[in-house]
Amino acid sequence: MSVDISTVKRVARLARIAVSDDDAERMTGELNTILGFVEQLNEVDVTGVEPMTSVTPMAMKKREDLVTDGDKADDIVANAPATEENFFLVPKVVE
Amino acid sequence: MTDLTKLTIAEARSKLKSREFSALELTEAYLGAIDAANGVINAYVTVTHDKARDMAKASDARLASGQAGALEGIPLGIKDLFATEGVHTQACSHVLDGFKPRYESTVTSNLWADGAVMLGKLNMDEFAMGSSNETSYYGPVVNPWRANGSNAKLVPGGSSGGSAAAVSAFLCAGATATDTGGSIRQPAAFTGTVGIKPTYGRVSRWGVAAFASSLDQAGPIARDVRDAAIMLRSMASVDAKDTTSVDIPVPDYEAVLGKSVKGMKIGIPKEYRLDGMPAEIEALWQKGIAWLRDAGAEIVEISLPHTKYALPAYYIVAPAEASSNLARYDGVRYGLRVPGKDIVEMYENTRAAGFGREVKRRIMIGTYVLSAGYYDAYYLQAQKVRTLIKRDFETVFADGVDLILTPATPSAAFGIADQDMNSDPVKMYLNDIFTVTVNMAGLPGLSVPAGLDSRGLPLGLQLIGRPFEEETLFQAAHVIEQAAGRFEPQKWW
């Protein structure tokens with residue numbers, strides 16, 4: 001399978017990365033090189049093989065359903081580019 | 001006085017305990033070395049002079065009162081991927097500009113609890129994506145090793161290039177590193193240092209910026225096998241904050257050093273003998289086989305039939321996980337923000353400016369292989385192949401093989417801005433051809449220096465073990481180290 005420039009622009013939109021026409025053109029070539037490389041996986045017979053979901057066989061750890069952390073609003077917003085009264089500020093979303 | 005920076009961790013540990021010098025003197029020696037060299041080597045992106053001195057003074061107080069920890073007063077460098085409270089933590093990316101976490105990663109907490117001293121944060125490929133340390137926002141790291149009679153600057157490997165270069169150039173006693181496809185073992189091989197990627201789940205990932213969560217694992221890069229064993233013991237822990245941390249006590253890895261490998265069964269996988277592999281790599285491998293045979297190990301040829309599919313499967317699984325993990329860098333909660341006319345344009349502009357070329361490439365591949373209509377063809381197929389790769393290893397271990405010996409890398413260090421590597425992303429990816437299988441199967445792997453090539457550049461051998469049998473790796477690596485000797489670059493910086 002290979003991608004064309006309009007697919008690259010659509011994927012960039014999904015990935016929320018702004019791309020210029022030049023970027024998209026260059027990326028099309030690079031992505032096709034990588035997709036060409038991974039193509040060989042189709043040679044492998046995977047009939048009856050389960051996809052890997054966990055590399056180490058282990059049961060999911062669980063803890064008691066209790067509040068163990070919190071009250072750290074200052075810490076949470078400390079690194080944000082724009083905040084007001086412990087809220088994150090973003091451009092207007094709803095008119 | 002001898003140069004304190006030349007001491008191994010084990011040597012410095014005993015001399016600190018006998019008060020031959022103070023922790024502060026040792027730290028000052030490293031800070032001086034860093035200040036003199038970093039302009040050229042570029043291993044550190046931040047040097048924490050004041051914090052290092054404060055920590056060293058606290059170590060001296062504990063040494064004086066007989067409360068010394070396992071790493072008391074030992075100055076370490078920390079890869080920029082680990083969260084360090086109040087200190088530069090940016091995964092060497094522009095998108096995390098100014099990020100200073102309000103928390104400490106489990107690995108670094110463990111190190112400080114054992115008395116180690118932080119010298120600063122180490123350069124790396126952006127978000128650990130790269131094999132040459134050239135994708136860092138802070139510029140490439142220069143390998144302390146140069147070819148005989150040449151001034152050409154070589155890469156230290158990646159992504160833990162700053163860690164490997166700093167250890168090799170005596171700019172820290174040991175360093176933390178991480179390995180998703182070979183990022184500890186390949187730079188260790190390129191710089192004549194020892195690096196171990198532990199079994200998945202041995203070292204907590206809490207507070208380590210995520211690249212590919214099912215593959216990422218932290219480990220040390222050190223001057224020799226003993227130092228790597230000392231560091232891993234402190235880095236590893238059972239951590240309730242990481243759901244994949246495995247509930248197995250951490251052994252004293254140092255205790256196995258010097259133990260014989262007599263009767264151990266070492267597998268030599270025929271699929272690692274690549275077409276066009278340099279004769280020097282093959283010769284090095286044969287030397288390693290001979291050393292272990294001479295030490296009493298039994299050498300057997302084995303087959304890992306799905307080896308060639310590990311790298312292509314990795315380049316689906318790792319980017320897929322990365323595209324999801326890196327979705328959080330959106331200009332809202334931390335780091336860079338580039339304005340736009342609405343929130344979506346703000347996200348897009350921030351991520352376009354914040355991520356470098358290689359990171360964008362991988363996010364794009366990951367987004368594509370997970371997108372509607374392609375998931376089964378790419379991601380599901382790759383995860384099935386991954387099951388087969390793991391099964392290959394399980395089969396040989398079930399047949400009684402204790403360890404697998406392979407070359408660590410298909411070549412020695414290459415030049416910075418290498419035309420061939422930079423023109424084709426897949427060529428760069430091939431650096432990890434011998435190491436990536438280990439991440440796909442979640443196994444422990446160790447790279448140990450084994451010799452120099454004809455140009456005088458270090459080469460490494462890789463040992464692969466059964467899950468949670470890091471001790472066996474250290475035991476055999478020590479035998480190789482005893483036979484091969486140790487390697488240090490000639491100082492030119």
Side-chain angles (χ1 to χ4, degrees), chain A residues 1 3 7-8 10-20 23-24 26-27 30-31 33-58 60-63 68-69 72 74-83 88-93, chain B residues 98-103 199-201 214 240 243-244 246 306 308-309 312-313 315-316 323 330-337 339-340 342-349 351-352 355 360-361 363-365 367-368 371 377-378 380-388 390 424-426 429 441-442 467:
Chain A
M1 268 178 272
V3 293
T7 308
V8 168
R10 183 176 62 83
V11 173
R13 180 79 181 165
L14 287 172
R16 297 285 185 264
I17 296 173
V19 289
S20 66
D23 292 337
R26 179 176 44 75
M27 282 179 175
E30 291 171 355
L31 264 51
T33 304
I34 297 166
L35 292 172
F37 174 64
V38 303
E39 196 94 317
Q40 52 183 306
L41 290 179
N42 295 329
E43 298 163 15
V44 185
D45 181 5
V46 293
T47 320
V49 177
E50 286 293 312
M52 183 180 283
T53 48
S54 170
V55 72
T56 355
M58 62 186 293
M60 177 80 160
K61 284 188 191 174
K62 298 178 191 76
R63 64 168 177 85
T68 57
D69 203 357
K72 289 181 179 166
D74 290 343
D75 285 341
I76 289 164
V77 299
N79 277 286
T83 61
F88 295 112
L89 290 188
V90 295
K92 195 180 244 181
V93 179
Chain B
F99 183 61
K100 289 192 168 71
R102 307 286 279 237
Y103 55 91
T199 313
Y200 185 79
S214 78
T243 53
T244 59
V246 172
H306 295 90
K308 72 175 271 210
Y309 301 110
Y315 274 98
I316 292 174
S323 71
D330 58 3
V332 174
R333 286 157 296 170
Y334 25 66
L336 186 73
R337 171 182 288 194
D342 54 25
I343 192 164
V344 172
E345 200 183 280
M346 187 276 281
Y347 293 150
E348 291 183 339
N349 291 346
R351 290 163 65 82
F355 293 132
K360 282 183 201 166
R361 196 181 284 158
I363 292 174
M364 293 284 289
I365 284 284
T367 306
Y368 178 70
S371 64
Y378 287 110
L380 205 63
Q381 177 78 6
Q383 289 291 47
K384 286 178 180 173
V385 172
R386 197 173 168 191
T387 298
L388 293 172
K390 186 164 182 251
D424 179 353
V426 172
Y429 298 169

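A note on names: the letters A, B, ... follow the listed sequences, proteins ahead of strands, and every chain is numbered from 1.
Nearest approach of Met346(B) to Pro91(A), heavy atoms of both residues: CE-CD, 4.0 Å.
Contacts of Phe37(A) with chain B are made by both backbone and side-chain atoms, with heavy-atom separations under 4.5 Å. Contacts of Ser214(B) with chain A are made by backbone atoms alone, with heavy-atom separations under 4.5 Å and no side-chain atom involved. The part of Asp424(B) that comes within reach of chain A is its side chain, from C-beta onward, which places non-hydrogen atoms under 4.5 angstrom from that chain.
Residues satisfying the side chain to side chain contact (heavy atoms under 4.5 Å, CB included) criterion with Thr7(A), sequence neighbours excluded, are Val3(A), Asp4(A), Arg10(A), Val11(A), Tyr368(B). The side-chain hydrogen bond (donor to acceptor under 3.5 Å, both in side chains) test applied to Ser20(A) returns Asp23(A), not counting sequence neighbours.
When Val385(B), Thr243(B), Ile363(B), Val332(B) are compared by the number of non-hydrogen pairs under 4.5 Å with chain A, Val332(B) comes out ahead. Counting heavy-atom pairs under 4.5 Å between each of Leu89(A), Leu35(A), Val93(A), Thr53(A) and chain B puts Leu35(A) at the top. The choice from Asn349(B), Ile365(B), Thr244(B), Val246(B) that makes the most heavy-atom pairs within less than 4.5 Å of chain A is Ile365(B). Chosen from Met52(A), Lys61(A), Met60(A), the residue pairing most often with chain B at heavy-atom distances under 4.5 Å is Met52(A).
Surrounding CD of Glu50(A) are at most 12 heavy atoms belonging to other residues, nucleotides or ligands under 6.0 Å away.
Put simply, the side chain of Asn79(A) never gets that close to the backbone of Gly335(B): no donor and acceptor are under 3.5 Å apart.
Taking a cutoff of 4.0 Å between a charged side-chain nitrogen and a carboxylate oxygen, Glu30(A) and Lys360(B) do not qualify as a salt bridge.
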